[in-house]
Amino acid sequence: MNYPSIIFNFAKLQSKQFIYKLLMLHSNKKRSFIALGKFLSQFSETETLRNENVLHNDLYFDAFQDLIQLSQSHNGWYTPENVYFSIQSWANALTEEHLDKWLSAYTFNVMESKTVGLVLAGNIPLVGFHDFLSVLISGHKVAVKLSSNDQHLLPFLAKYLIACEPYLSEKITFVEGKLENFDAVIATGSTNTSRYFEYYFKDKPSIIRKSRNSVAILNGSESKEQMVALGEDIFRYFGLGCRNVSKLFVPKGYNFDAFFGGIFPYQDVIKYEKYANNYDYNKAVFLMSNFKLLDNEFMTIMEDSSYASPISSVFYEYYEDLEQLKLRLASDSEKIQCIVSNKITENSIAFGETQKPNLWDYADNVDTLAFLLNI
């Protein structure tokens, strides 16, 4: 009897069975996220409709509706309007078509499941969900350190996913205290906190995200519809996201009338107390500093070379040479998340689309999934 041959064939069989198991688990995880997308698609600001064909509605539908309504009491910036917007964005992303398109570019051969720590921000609802999704879909375990500003939405969605695929209960942990016992980390914070992250996580594979801002390049040929859409890029989530436009580049002599006309439909933003307080405070600071402002009673714009403007304000800067501007933006790429324009630059995002990223639109242009598949 040829024992080495038997052992070799047995090993090949075991390997095939292991790979088959990995593929099945990957398929099951994908199906659970598709089910989550269908669950989220029921919830809309204009009309929330219960679909009896959606999995586990008996356990989670009413509870999630209540959580949405309570979100603003947990975080004053999480208005129902903005929470619904985030939910609908993820419902649109978590379809079989979009997941297949995203995942088709990768080979999923993670043989050893590692623990990836996530240190999440809380500036906008579910801002860390893409990292959470990426870790799980790559085959790793996730240990989540939530922001104190967003303690409830992601844990709820994790419970729904576990109900769809109980195996995920072994893969998801929410960390109360210090993040420990992890093999790699993805941490999101400000430029200041990134220095701490870089030191604390220096011995681990990591993605450390710093503060970034988004800009818009205007040339005066934009339509009224595009100017209204630019208002969405500015005011969605009250301007708190890194994908919100906080800086305009306009040609020398630009007339701001079309811009102010476009953003006028967003005037109700001033009715939110937290936003109004920021508007009053920042306007007073600017005026006391003798800065020249343009003001429409719910937002100020001011000429400034910085990218990061305070809440309720947008900075602007004139340009004379478009090619020189492109070179500057390229050199400042680590400070910029998105560039919005009417196809002025190759990597421009259309007006009104900054807060609707695809699954393959990675924060800071760092391929999170490629990182996870190679740790």
Heavy atoms, side chains only, cut-off 4.5 Å: are Leu369 and Ser138 in contact?
yes
Applying salt bridge (charged side-chain N to carboxylate O under 4.0 Å, His left out), can you list everything that pairs with Asp321, at least two apart in sequence or on another chain?
none
Does anything in residues 249-264 form a salt bridge (charged side-chain N to carboxylate O under 4.0 Å, His left out)? List the pairs, not counting sequence neighbours.
none
Indicate yes or no for a side-chain donor-acceptor contact from Arg212 to the backbone of Lys335 under 3.5 Å, with no hydrogens or angles considered.
no
Between the CD1 atom in Ile344 and the CG atom in Asn219, the distance rounded to the nearest 0.5 Å is 4.0 Å
CH2-CG distance between Trp102 and Asp361, expressed to the nearest 0.5 angstrom
11.5 Å
Distance-only side-chain donor-acceptor flag, Asp367 / Tyr106, under 3.5 Å
yes
Which pairs with one or both residues in residues 268-278 pass side-chain hydrogen bond (donor to acceptor under 3.5 Å, both in side chains), sequence neighbours excluded?
Asp268-Lys271
Judged by atom type as modelled, is there a donor-acceptor pair below 3.5 Å linking the side chain of Thr95 to the main-chain atoms of Ala91?
no
How far apart are the closest heavy atoms of Leu168 and Ser32, and which atoms are they?
CD1-OG, 3.8 Å
Taking ring-ring contact (aromatic ring centres under 6.0 Å, His included) as the definition, give me every residue that meets it alongside Tyr318, ordered by chain and number, with sequence neighbours left out.
Tyr316
Any heavy-atom pair between the side chains of Val185 and Leu179 that's under 4.5 Å?
yes
Gap separating the NE2 atom of His74 from the OH atom of Tyr78, nearest 0.5 angstrom:
11.5 Å
How would you list, by chain and number, every residue that makes a salt bridge (charged side-chain N to carboxylate O under 4.0 Å, His left out) with Arg328, sequence neighbours excluded?
Glu317, Asp332
Let me see the working for Lys210 and Glu198 under salt bridge (Lys or Arg N to Asp or Glu O under 4.0 Å), right down to the final yes or no.
CA-CA 11 Å; Lys210 306 176 183 180; Glu198 287 168 351; 3.7 Å; yes
Verify, without hydrogens or angle tests, whether Ser313 (side chain) and Pro310 (backbone) share a donor-acceptor contact under 3.5 angstrom.
no
Residues forming a salt bridge (charged side-chain N to carboxylate O under 4.0 Å, His left out) with Asp304, sequence neighbours excluded:
none
Between Ile311 and Trp77, is any pair of side-chain heavy atoms under 4.5 Å apart?
yes
Under a 4.0 Å N-O cut-off, is there an ion pair linking Asp183 with Lys204?
no
Closer than 3.5 angstrom, by distance alone: can the side chain of Ser147 be matched with the main-chain N or O of Asn149 as a donor-acceptor pair?
yes
Residues two or more places apart in sequence or in another chain: which of them pass ring-ring contact (aromatic ring centres under 6.0 Å, His included) with Tyr254?
Phe256
Strictly below 4.0 Å, N to O, side chains only: are Lys326 and Glu323 in salt-bridge contact?
yes
So, taking the atom named CG in Leu322 and the one named OG in Ser341, what distance separates them when rounded to the nearest 0.5 Å?
8.5 Å
Kindly write out the residues that satisfy ring-ring contact (aromatic ring centres under 6.0 Å, His included) with Tyr266, not counting sequence neighbours, or none if the list is empty.
Phe235
Taking ILVMFWY side chains as joined if any heavy atoms are under 4.5 angstrom apart, and letting links pass through other members, which residues group with Leu49?
none
Check whether the ring centres of Tyr362 and His130 lie less than 6.0 Å apart, and answer yes or no.
yes
Regarding Asn75 and Gln151, do their side chains bring together a donor and an acceptor under 3.5 Å, going by distance alone?
no
Answer with yes or no after comparing the ring centroid distance for Tyr279 and Phe298 against a 6.0 Å cut-off, counting only values under it.
no
Does Ala93 offer a backbone N or O that forms a donor-acceptor pair with the side chain of Asn358 under 3.5 Å?
no
Does the side chain of Gln355 pick up a donor-acceptor pair with the side chain of Asn244 at under 3.5 Å?
yes
From CG (Asn92) to CG (Leu40), nearest 0.5 Å
10.0 Å
Is the shortest side-chain heavy-atom distance between Leu157 and Phe64 below 4.5 Å?
yes
Looking at side-chain heavy atoms only, is the closest gap between Phe85 and Glu232 below 4.5 Å?
yes
I'd like to check the salt bridge (charged side-chain N to carboxylate O under 4.0 Å, His left out) partners of Asp295; sequence neighbours left out, ordered by chain and number.
Lys283
If we only count heavy atoms from C-beta on, is the Arg31 to Ser27 side-chain gap below 4.5 Å?
yes
For the pair Arg243 (side chain) and Asn213 (backbone), establish whether a donor and an acceptor sit closer than 3.5 Å, ignoring hydrogens and angles.
no
Results of ring-ring contact (aromatic ring centres under 6.0 Å, His included) for Tyr60 - residues two or more places apart only:
Phe156, Tyr160
Decide whether Ser89 and Ser86 meet the rule of one side-chain donor and one side-chain acceptor closer than 3.5 Å.
no
Begin from the C-alpha positions of Phe39 and Phe61 and carry the test ring pair (Phe, Tyr, Trp, His ring centres under 6.0 Å) through to its verdict.
CA-CA 8 Å; Phe39 174 77; Phe61 184 92; 7.0 Å; no
Under 3.5 Å, is there a donor-acceptor pair between the side chain of Glu47 and the main chain of Ser44?
no
When you compare the side chains of Ser134 and Thr368, does any donor N or O come within less than 3.5 Å of an acceptor on the partner?
no
Any chance you could measure Tyr200, atom OH, to Thr193, atom OG1, to the nearest 0.5 Å?
14.5 Å
Side-chain donor-acceptor contact under 3.5 Å, Gln337 with Asp364:
yes
Is a side-chain donor-acceptor pair under 3.5 Å present for Ser113 with Lys171?
yes
Report yes or no: does His152 contribute a side-chain atom to a donor-acceptor pair with the main-chain N or O of Leu67 at less than 3.5 Å?
no
Please tell me whether Thr345 and Ser348 have a donor and an acceptor in their side chains that are separated by less than 3.5 angstrom.
yes
Residues, nucleotides or ligands: over 12 heavy atoms within 6.0 Å of Glu180 CD
yes
Check whether Ser211 reaches the backbone of Thr191 with its side chain - one donor and one acceptor, N or O, closer than 3.5 Å.
yes
Would one find more than 12 heavy atoms of other residues, nucleotides or ligands at under 6.0 Å from atom OH of Tyr281?
no
Other residues, nucleotides and ligands only: do more than 12 of their heavy atoms fall within 6.0 Å of CD on Gln65?
yes
Heavy-atom side-chain contact between Val144 and Val175 under 4.5 Å
no
Do Lys247 and Tyr307 form a cation-pi contact, if we require the NZ or CZ to be under 6.0 Å from the six-membered ring centre and within 45 degrees of the ring's axis?
yes
Quick check: closest heavy atoms across Asp100 and Lys30, and the distance to 0.1 Å?
OD1-NZ, 2.6 Å
Can you check whether Thr300 reaches Phe291 side chain to side chain, under 4.5 Å on heavy atoms?
no
Check for a donor-acceptor pair, side chain of Thr354 on one end and backbone N or O of Val340 on the other, with a separation under 3.5 Å.
no
For a quick test of your reading: what N or O donor-acceptor pairs under 3.5 Å do the side chains of residues 114-129 make, sequence neighbours left out?
{"from": "Lys114", "atom 1": "NZ", "to": "Ile375", "atom 2": "O", "distance (Å)": "3.2"}
{"from": "Asn123", "atom 1": "ND2", "to": "Leu240", "atom 2": "O", "distance (Å)": "3.1"}

